[in-house]
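Report on the structure given below.
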Amino acid sequence: MNPLEAIHPFARIEQLLGPESMETIKKARICIFGLGAVGSFAVEALARTGVGHLTVVDFDQVDPSNINRQLFALHSTVGKNKADLAAERIKDIHPQCQVRVHSEFVNADSLDSLLASDTDVVVDAIDGLNSKVNLLVAAKAMGLNVVSSMGAAGRTDLSEIKTGDISETEVCPLARVVRRRLRRRGVSEGIFTVYSTEQPLNKQPYHPEDVHDSLEHHGRERPPIGTICWVPGVFGLTLAAKAVEFILSSLRAPHP
């Protein structure tokens, strides 16, 4: 037997967090909505942490403009479904992980089949406003833990990335609109968010031939926003870290 085969892939996590935490992580159920720049990094971190059950949701396919920032986007994967690519990568990292794949658009109707009551944490990495708000409202109505990404595009400064409850967000235009819409639907707090206090930049013109808007058939078309990989990457990693924190919080709670 090759001695390398005897090394457990999550040995360093167990060494860091302890065997009880590792067992809890293995049993955890996390659902990630949106598998672009933010979501792909969240999926990567959760798979490499040994989460035992992952559900991945995204209706979109990889296009060449995704290659600069999305982990699933390679020249060899252009035109392939992001959800299928995410599942393949998860299984290559963590073969024992139970993966559910949904290649469909998120709206008020589809959420009935996409959200499960036994989900430990919902990770919102959706960039479409209506889908994002519908997901957050539905998840909160079910009493699920939720971690949500606000706007990561148009930023370059990592020092401006902040975390906090949705009610505490500031500067971010997306967060402002999300807060307003959530309040109209009875949700004003209780959603952990990652956001940036950097004013978004999008001053450079874009070439129309470089634009593929995956949401053009699901609402109004959107102009592209310039994006660099490290900001959404940190957003996604932070969402994953908070999701694991939620999972392990029951172990850390004081016993009565």
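Please read all numbers here as calculations on a predicted model, not as lab measurements.
- For Lys140, there are no side-chain hydrogen bond (donor to acceptor under 3.5 Å, both in side chains) partners, not counting sequence neighbours.
- The minimum heavy-atom distance between Ser188 and Ile166, with the atom names listed, is O-CG2, 4.0 Å.
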Exercise answer: donor-acceptor pairs, residues 112-120 side-chain atoms, under 3.5 Å, sequence neighbours excluded:
from: Ser113; atom 1: OG; to: Ser110; atom 2: O; distance (Å): 3.0
from: Thr119; atom 1: OG1; to: Ala116; atom 2: O; distance (Å): 2.9
from: Asp120; atom 1: OD2; to: Arg29; atom 2: N; distance (Å): 2.7

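- Separating the CD1 atom in Ile67 from the SG atom in Cys229 is a distance of 13.0 Å, to the nearest 0.5 Å.
- Residues satisfying the side-chain hydrogen bond (donor to acceptor under 3.5 Å, both in side chains) criterion with Asn145, sequence neighbours excluded, are absent altogether.
- Residues meeting the side chain to side chain contact (heavy atoms under 4.5 Å, CB included) test with Ala86, sequence neighbours left out: Leu35, Val56, Phe72.
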Let me have the donor-acceptor pairs involving side chains of residues 174-181, under 3.5 Å, with sequence neighbours excluded, atom names and distances please.
from: Arg179; atom 1: NH1; to: Thr169; atom 2: O; distance (Å): 3.0
from: Arg179; atom 1: NH1; to: Thr169; atom 2: OG1; distance (Å): 2.7
from: Arg181; atom 1: NH1; to: Asn130; atom 2: OD1; distance (Å): 2.5

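- Annotation: side chain of Phe33 is in contact with side chain of Leu111 (closest heavy-atom distance under 4.5 Å).
- Listed by chain and residue number, Glu23 satisfy the salt bridge (charged side-chain N to carboxylate O under 4.0 Å, His left out) test with Lys26 (two or more places apart in sequence, or in another chain).
- Residues Arg185 and Asn134 approach most closely at NH1-OD1, 2.8 Å, considering heavy atoms.
- Scanning all heavy atoms of the two residues, the minimum distance from Ala153 to Pro200 falls at O-CB, 4.4 Å.
- Side-chain contact between Leu85 and Asn81 is absent, with no heavy-atom pair separated by less than 4.5 Å.
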Apply side chain to side chain contact (heavy atoms under 4.5 Å, CB included) to Leu144 and Val121, showing your working.
CA-CA 6 Å; Leu144 302 177; Val121 187; over 6 Å; no
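- Checked against side chain to side chain contact (heavy atoms under 4.5 Å, CB included), Gln98 has the following partners two or more places apart in sequence or in another chain: His53.
- Counting heavy atoms from C-beta on, the side chains of Ile161 and Phe235 come closer than 4.5 Å.
- Applying the salt bridge (Lys or Arg N to Asp or Glu O under 4.0 Å) rule to pairs touching residues 68-80 yields nothing, sequence neighbours excluded.
- Sorted by first and then second residue, the salt bridge (Lys or Arg N to Asp or Glu O under 4.0 Å) pairs involving residues 144-172 (not counting sequence neighbours) form an empty list.
- For the ring-ring contact (aromatic ring centres under 6.0 Å, His included) test, residues two or more places apart in sequence or in another chain that qualify with His94 are Phe10.
- Within the 4.5 Å cutoff, the side chain of Val62 has heavy atoms near those of the Lys82 side chain.
- Considering CG of Leu158 and OG of Ser196, their distance stands at 9.0 Å, rounded to 0.5 Å.
- By the side chain to side chain contact (heavy atoms under 4.5 Å, CB included) test, Ser148 pairs with Asp124, Lys132, Leu136, Met150, Ile191, Thr193, sequence neighbours left out.
- Here the closest non-hydrogen pair linking Phe105 and Ser131 is CZ-OG, 3.3 Å.
- In this structure the side chain of Val101 reaches within 4.5 angstrom of the side chain of Asp84, judged on heavy atoms.
- No side-chain heavy atom of Thr55 sits under 4.5 Å from any side-chain heavy atom of Ile32.
- Pairs of residues two or more places apart, or lying in two chains, that qualify as salt bridge (Lys or Arg N to Asp or Glu O under 4.0 Å) and include a residue from residues 88-104 are Glu44-Arg89.
- Here the closest heavy-atom approach between residue Val123 and residue Ala243 is recorded as CG2-CB, 4.4 Å.
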